[in-house]
Amino acid sequence: MKDKRFKIAHREAIIGIALVLFNFIWWFGFAYGMGGVDPTEYRYIFGMPEWFFYSCVLGFIVVVILVFIVVNYIFKEVPFEDDEDGGEQR
Amino acid sequence: MNWLVILPLLLFLFVIFFVGFWANKYVLKTDSFIHEYFLGGRQLGGFVLAMTMIATYGSASSFIGGPGVAYTKGLGWVLLSMAQLATGYFVLMVLGKKFAIMARKYNAVTITDFLKERYQSKTVVILSALSIIVFLFSSMAAQWVGGARLIESLTGISYTSSLFIFAFSVLVYVIVGGFRAVALTETVQGVVMFLGTAVLLIGTIIAGGGVDKIMADLVTENPNLVSPFGAEQDLTPLYVSSFWILVGIGVVGLPQITVRAMSYKDSKSMHRAIIIGTIVIGFIMLGMHLIGVFARAVIPGIEIGDKVMPTLTLTVLPPLLAGFVLAAPMAAIMSTVDSLLILVSSAITKDIYLNYIKPNASEKQVKKVSFWVTSIIGIAVILFSLSPPDLIIWLNLFSFGGLESVFIWPIVFGLYWSKGNKYGAITSMIIGMGSYIVFDRLFPNPLGVHTVVLPVLLSLISFVLISILTKNKVQKA
């Protein structure tokens with residue numbers, strides 16, 4: 001595969017997989033790590049059980065920030081049409 | 001009948017119609033009808049792309065069924081629904097630029113076009129088109145039923161009349177405006193879904209006396225409602241995690257979503273769509289399911305899950321605002337149905353008619369066939385929906401998981417694994433669909449995971465294995 005655009009595309013796809021793995025681990029870790037105790041003993045943040053706040057609310061915010069950083073600083077713009085300056089053609 | 005509630009709904013329909021007819025201008029003046037009608041001329045910008053993906057994905061189950069289940073199961077179901085956050089970035093990142101480039105190289109208008117060029121196999125084309133038509137047709141019927149029931153419960157109009165009102169409004173703008181009308185109306189619908197969630201969430205928290213008070217009420221009723229394991233402690237971590245396949249990464253294999261990943265204009269649109277999409281889908285899913293849980297403290301004792309969201313809205317919000325919020329599930333349903341309609345129509349027109357019935361049809365003929373096919377499918381779904389099947393959410397998940405098992409590997413390996421060949425694709429499509437049906441009927445939750453997990457794994461294994469075994473056969477050909 002000689003097209004330079006594909007190298008960028010492949011790297012970005014791998015970043016997508018890495019991000020989803022991170023997202024899953026964060027979500028799972030806080031939910032079952034903190035939520036595994038007796039529900040009457042939960043501590044609360046902003047009125048929500050701690051596990052829920054960290055896993056679902058903070059987790060959402062963290063993922064959005066990561067997505068923002070990744071897309072703005074790591075993702076590259078490439079042309080999609082073949083006739084534009086899109087690296088070597090196959 | 002409360003006119004103050006109905007007024008915003010009517011206004012919403014009016015805006016949708018206006019947008020649909022505006023899109024018709026593009027259909028009339030385009031020089032490539034098929035690209036315009038089924039793909040919006042590959043011109044979607046970032047905001048529209050994000051909204052059309054979310055609106056297509058967010059359906060009756062996100063606004064009606066899901067919150068209803070959250071109402072009975074508690075925060076554990078909100079946790080489960082947050083697996084959907086991944087769809088906001090994963091589909092566009094993984095299919096990404098490679099898919100956009102290849103789709104243009106192949107001049108693909110549908111997913112089937114892409115598979116056809118990639119695998120050069122008639123069997124793949126037929127399998128792909130047929131599974132889109134069969135599975136998405138039933139999915140469409142489920143959504144249609146949901147939409148009609150919603151109108152019925154809000155206005156008191158009979159189910160049959162509601163069905164006709166709902167179906168007619170969707171049919172009109174899809175038929176005249178094609179994909180661009182679908183994408184643009186979905187942008188409006190997506191915004192309504194987002195704002196509706198925000199308004200209802202705030203209204204519910206106020207009505208419940210604040211988050212602290214609501215949580216305390218829930219703990220008093222049953223402490224397990226605030227645990228990740230569900231009210232009956234039946235949500236195991238494994239089961240909940242398996243939804244990451246169904247509603248997270250598996251969404252890559254949903255044709256109605258995937259086709260959007262080849263409809264955008266440039267890299268910049270895609271980048272913006274990833275950010276906006278993640279924020280909006282996360283907010284809607286978190287918000288709507290949390291609303292379902294909160295509703296238990298505000299309006300206790302509701303027996304039918306699907307009634308939770310409408311009843312709550314009418315209870316906690318003033319009529320005019322309630323009408324606006326209730327436009328959100330309506331928008332969610334319309335925006336799913338319209339995407340499915342245009343997709344099924346493209347499968348018949350582009351994948352079957354243009355491939356096998358009349359390959360050299362003139363532009364005028366294609367136009368005529370497209371309009372007719374879209375109309376006939378739309379009407380057929382109405383007839384099917386007249387005797388409605390129960391439990392929207394599960395019907396919806398059925399057509400969901402089956403299609404994911406069919407398409408995920410042929411698309412992903414089609415893009416990233418040059419050794420993947422047509423034999424692998426065909427086997428994995430048949431095994432994906434076949435095993436999904438078998439598991440769904442016989443062992444719905446094998447090993448404690450959702451039905452979708454094993455079929456997706458089986459289709460993965462068969463794709464890789466068969467592609468390697470038939471390596472020589474393809475090289476000789």
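Computed over heavy atoms, backbone and side chain alike; hydrogens, waters and symmetry mates excluded. Proteins get letters first, then strands, A, B, ... in listed order; numbering begins at 1 in each.
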- Query: Contact part of A:F75 toward chain B, heavy-atom cut-off under 4.5 Å: side chain, backbone, both or neither?
  - Reply: both

- Query: Between B:Y239 and B:F243, how do the two ring planes meet: parallel, tilted or perpendicular, split at 30° and 60°?
  - Reply: perpendicular

- Message: Does the plane of the ring in B:F283 sit parallel, tilted or perpendicular to the ring in B:F194? Use 30° and 60° as the thresholds.
- Response: tilted

- Query: Would B:W244 and A:F24 count as a close aromatic pair, with their ring centres under 6.0 Å?
  - Reply: yes

- Note on the structure: Okay, A:V70 and chain B: the region with an atom under 4.5 Å from a heavy atom over there is side chain

- Query: Where does B:V226 contact chain A at under 4.5 Å (heavy atoms): side chain, backbone, both or neither?
  - Reply: both

- Task: Let me know if B:V91 has heavy atoms under 4.5 Å from chain A in its side chain, its backbone, both or neither.
- Result: neither

- Residue, of B:R42, B:M82, B:R104, that accumulates the most heavy atom pairs under 4.5 Å with chain A: B:R104

- Query: chain B heavy atoms under 4.5 Å from A:F60: which part of the residue, side chain, backbone, both or neither?
  - Reply: both

- Item | Residues that B:E221 engages under side chain to side chain donor-acceptor pair (under 3.5 Å), provided they are two or more places apart | B:R296

- Message: I'd like to know which of B:S227, B:G248, B:P223 tops the heavy-atom pair count under 4.5 Å against chain A.
- Response: B:S227

- Applying a strict 4.5 Å limit to non-hydrogen atoms, the region of B:T236 in contact with chain A is backbone

- When heavy-atom pairs shorter than 4.5 Å are enumerated against chain A, which of B:S81, B:S241, B:A86 gives the highest number? B:S241

- Item | Interchain contact, A:F46 with chain B, by part (heavy-atom threshold 4.5 Å) | backbone

- Message: Looking at A:D3 and A:R5, is any side-chain nitrogen of the basic one under 4.0 Å from a carboxylate oxygen of the acidic one?
- Response: yes

- Among B:G96, B:S267, B:P228, single out the residue with the greatest number of heavy-atom pairs under 4.5 Å to chain A. B:P228

- Message: Taking salt bridge (charged side-chain N to carboxylate O under 4.0 Å, His left out) as the cut-off, I'd like each qualifying pair that reaches into residues 222-240 of chain B, sequence neighbours left out, listed once.
- Response: B:K73-B:D234

- Under 4.5 Å from any heavy atom of chain A - which part of B:I275: both

- Message: Less than 4.5 Å to any heavy atom of chain A: does that hold for the side chain of B:K213, its backbone, both, or neither?
- Response: neither

- Message: Parallel, tilted or perpendicular, judged at 30° and 60°: which one describes the rings of A:Y32 and A:W27?
- Response: perpendicular

- Query: Between A:E12 (side chain) and A:K76 (backbone), is there a donor-acceptor pair under 3.5 Å?
  - Reply: yes

- Given that the side chain runs from C-beta out, which part of B:I249 has a heavy atom under 4.5 Å from chain A: side chain, backbone, both or neither? side chain

- Between A:N72 and chain B, which part of the residue has a heavy atom less than 4.5 Å away: side chain, backbone, both or neither? side chain

- Item | A:F6 and A:H10 aromatic ring geometry - parallel, tilted or perpendicular at 30°/60° bounds | parallel

- Task: Pick one of side chain, backbone, both or neither for A:F52, based on which atoms fall under 4.5 Å of a heavy atom in chain B.
- Result: side chain

- Portion of B:I214 that has a non-hydrogen atom of chain A nearer than 4.5 angstrom: neither

- Query: Which word best sums up how the rings of B:F114 and B:Y106 line up, parallel for under 30°, tilted for 30 to 60°, or perpendicular for over 60°?
  - Reply: tilted

- Message: Below 4.5 Å, heavy-atom pairs only: which of B:N224, B:V219, B:L225, B:I279 has the largest tally toward chain A?
- Response: B:I279

- Between B:V211, B:I101, B:L290, which has the largest tally of heavy atom pairs under 4.5 Å with chain A? B:I101

- Item | Between CD on residue B:Q43 and CG on residue B:L49, distance to nearest 0.5 Å | 12.5 Å

- Just by distance, do the side chain of A:W26 and the backbone of A:Y54 share a donor-acceptor pair under 3.5 Å? yes

